[in-house]
Amino acid sequence: MAGPVGAGPGVALVTGVSGQDGSYLAESLTKRGWTVHGLIRPGHSWSGDGVQVHHADLADSNGLVALVRDTAPDVIYNLGGISSVGYSWNEPYDTALVTGAAPIALMDAALQLQRSEGKAVRFFQASSAEIFGAAPAPQSESTPRVPISPYGVAKSMAHAAVAVFRSQGLAASAGILFNHESVRRPPSFVTRKITLGAAAIKLGFRTELVLGNLDAQRDFGWAPDYVDAMLAIASAEEPDDFIIATGVAHSVREFAEAAFASAGLGEIERYLRIDARFSRAADAPTMRGDASKIARELGWKATTSFEDIARKMVEHDLEWLDQHGPEGLSL
Ligand code: GDP
C-alpha cells in the first residue's frame, strides 16, 4: 500500500463545497495544485473555479459510495450536511441522515477503496463543538460528548465513527470546529444576521434588528483560518482529533456591540428587539475551545481577532448593500 498522502497535491473530494468552508477549502486546494471534486445537492448549481462539480444527495448512501469509487480521492473532506443548530430542530431526522449517517457511508466507502485499490485514503470530518453540549468551558479533545441539539447528536455520532474507522486502518481525523465566521456566512447564522442588519440600519434600509438569546457565549473564529487548520490536520503524519478554536469567548451581545460600532452606530439598545422565535429549545451557555493540542502538534493558531472579524464582515456588508440596495438583504 502507498504511504500517506501528506501535503499532496493529489485528488480531493469535498462535500459541502458550495458552503462557507467548502468554498474556501476548494480555493486553497486548487491553488496548491490539487484536483478537486466537489459534491453539491441535486438541483443546486454552483461554479467554483477549477472544481469538478458532482451532484449527489448526502441521504443516498449508494450515491456516495459510487462517487467515492468513481473519483478515487486521496483525501475526502466531509464538510456537507445540515450545518445550522437552529435549523436542526426543524428537521431532526434529515439532520441525523445527512450530518450523522452520511460521514459513515463516506468512511466505509473510503475504507473499501483503500482495501480494493491498495491506495491510502485520508478522511477529514468537520466535527463540531456542539458535540459537547453544555459542558463547562473550556472544552478540549477529552471533554465528554453530551449533545443537547439534534445537530449535536448527529455530529456526535459521526465523531465517534471517525475513531472507529481509524481503528480499522483508515487515516480518519476530526477537526472539532467552534463557531467560525466570514463574509460567506449565510444570514441564518447570528454573526452575518447582525453584520447585515447593522449595515442595513446604517444605510437606512431597516430600523431594527430582531434577535434571540444575546447572552450565549461563543468562541468566534475566522473561517479561512479554520480551513488552514483542516489542511494541516488532513496532511498530518498521524490521523487524530483536534479542537479548532481561538480560546476566547464573547457573547452574542458583544458581537452586536462590535458590529454596530464598526458600522458607526451608537448604543445597540436603540436598534435591537428580542423575540423568543429566535431562541432555541436548548442553547449552551458558553463554548470556548482549548486549542492547545493543534498549536503544540501542528503549529496552527487563529490569526484573526474578534473585533477584526466583526469589522471585516461589517465593511463587506456596507459595501454589498451600498451596491445592491435593500434587495441585497435577501441572500
Ligand atoms: P450555531 O448555533 O453554531 O449554529 O450558530 P448561530 O450563529 O446560529 O448561533 C450562535 C448563537 O447565537 C446561539 O447561541 C444562538 O442562540 C444565538 N442567537 C441569538 N439570536 C440569534 C438569531 O437571531 N439567529 C441565530 N441563528 N442565532 C441567534
Side-chain angles (χ1 to χ4, degrees), residues 16 19-21 79-92 94-95 98-100 126-135 137 139 145-156 158-159 175-201 206 208-223 226 243-246 248-260 268-269 271-289 306 309-310 313-314 317 329 331:
Q20 169 185 261
D21 297 359
L79 315 183
I82 288 170
S83 63
S84 158
V85 178
Y87 183 74
S88 78
W89 288 100
N90 303 339
E91 299 291 348
D94 276 1
T95 305
V98 304
T99 303
S127 194
S128 163
E130 283 287 323
I131 65 177
F132 302 129
Q139 295 88 11
R145 291 191 298 277
V146 190
I148 57 170
S149 67
Y151 176 82
V153 168
K155 282 288 186 186
S156 191
H159 187 86
I176 306 167
L177 295 144
F178 282 62
N179 296 55
H180 46 291
E181 319 299 326
S182 76
V183 301
R184 297 186 191 174
R185 200 57 148 152
S188 50
F189 290 85
V190 78
T191 53
R192 190 75 195 283
K193 184 174 173 183
I194 290 171
T195 61
L196 267 176
I201 292 171
R206 290 276 191 279
E208 64 170 13
L209 176 62
V210 188
L211 295 172
N213 177 13
L214 296 186
D215 295 324
Q217 303 248 355
R218 292 290 178 271
D219 182 329
F220 293 108
W222 185 237
Y226 286 33
I243 295 280
I244 308 177
T246 71
V248 184
H250 288 277
S251 66
V252 172
R253 180 189 307 282
E254 286 169 326
F255 190 87
E257 285 167 354
F260 276 67
I268 58 169
E269 275 69 26
Y271 309 105
L272 288 197
R273 186 158 61 79
I274 305 304
D275 189 322
R277 275 188 305 136
F278 295 107
S279 295
R280 309 223 169 122
D283 206 15
T286 305
M287 294 204 170
R288 179 163 61 84
F306 175 75
I309 293 169
M313 290 175 70
V314 168
D317 287 345
L329 285 168
L331 283 180

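Side chains are part of it too, since the values below use all heavy atoms of this structure and drop only hydrogens, waters and symmetry mates. In each ligand, atom 1 is the first atom listed, and ligand 1 is the first ligand listed.
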Within 4.0 Å of some non-hydrogen atom of L211, the atoms of ligand 1 are 20 (N), 23 (O)

Which residue and heavy atom of the protein sit nearest atom 11 (C) of ligand 1, plus the separation | V252 CG2, 4.0 Å

Are K193 and F278 in a cation-pi contact, defined as NZ or CZ under 6.0 Å from the six-membered ring centre and within 45° of the axis?
-> yes

Quick one: which of Q217, R277, H180, R280 has a heavy atom closest to atom 6 (P) of ligand 1?
-> R280

Below 4.0 angstrom from a heavy atom of N179, which ligand 1 atoms are there? Numbered from 1 as shown, please.
-> 1 (P), 3 (O), 5 (O)

Mind checking whether S83 has an N or O less than 3.5 Å away from an N or O of ligand 1?
-> no

Among all protein heavy atoms, pick out the one at the shortest distance from atom 21 (C) of ligand 1; state its residue, atom name and that distance to 0.1 Å.
-> V190 CG2, 3.4 Å

heavy-atom search around atom 1 (P) of ligand 1 in the protein gives V85 CG2, 3.6 Å

Nearest protein heavy atom to atom 20 (N) of ligand 1, by residue and atom, and its distance?
-> G212 N, 2.8 Å

If you scan protein heavy atoms around atom 26 (N) of ligand 1, the nearest is S188 O, 2.9 Å

For A216, the ligand 1 atoms whose distance to one of its heavy atoms is below 4.0 Å = 14 (O)

Judged by modelled atom types alone, do N213 and S279 share a side-chain donor-acceptor pair under 3.5 Å?
-> no

Atom CG of L211 and atom OH of Y271: how far apart are they, to the nearest 0.5 Å?
-> 14.5 Å

Distance, nearest 0.5 Å, that separates OH of Y151 from OG1 of T99 = 6.5 Å

Provide, to 0.1 Å, the distance between atom 23 (O) of ligand 1 and the closest protein heavy atom, together with that atom's residue and name.
-> K193 NZ, 2.7 Å

Shortest non-hydrogen contact from R280 toward G86 | NE-CA, 3.4 Å

D215 side chain to S251 side chain, donor-acceptor N/O pair below 3.5 angstrom | no

Can you label the angle between the F255 ring and the F220 ring as parallel, tilted or perpendicular, going by 30° and 60°?
-> tilted

Ligand-side contact atoms (ligand 1) for residue partner D283, heavy atom cut-off under 4.0 Å | 13 (C), 14 (O), 15 (C), 16 (O)

Contacts of type salt bridge (Lys or Arg N to Asp or Glu O under 4.0 Å), residue R184, not counting sequence neighbours = E27

Using a strict cut-off of 4.0 Å, indicate which atoms of ligand 1 neighbour a heavy atom of N213.
-> 17 (C), 18 (N), 19 (C), 20 (N)

R185 NZ/CZ over F189 ring centroid, <6.0 Å and within 45° of normal | yes

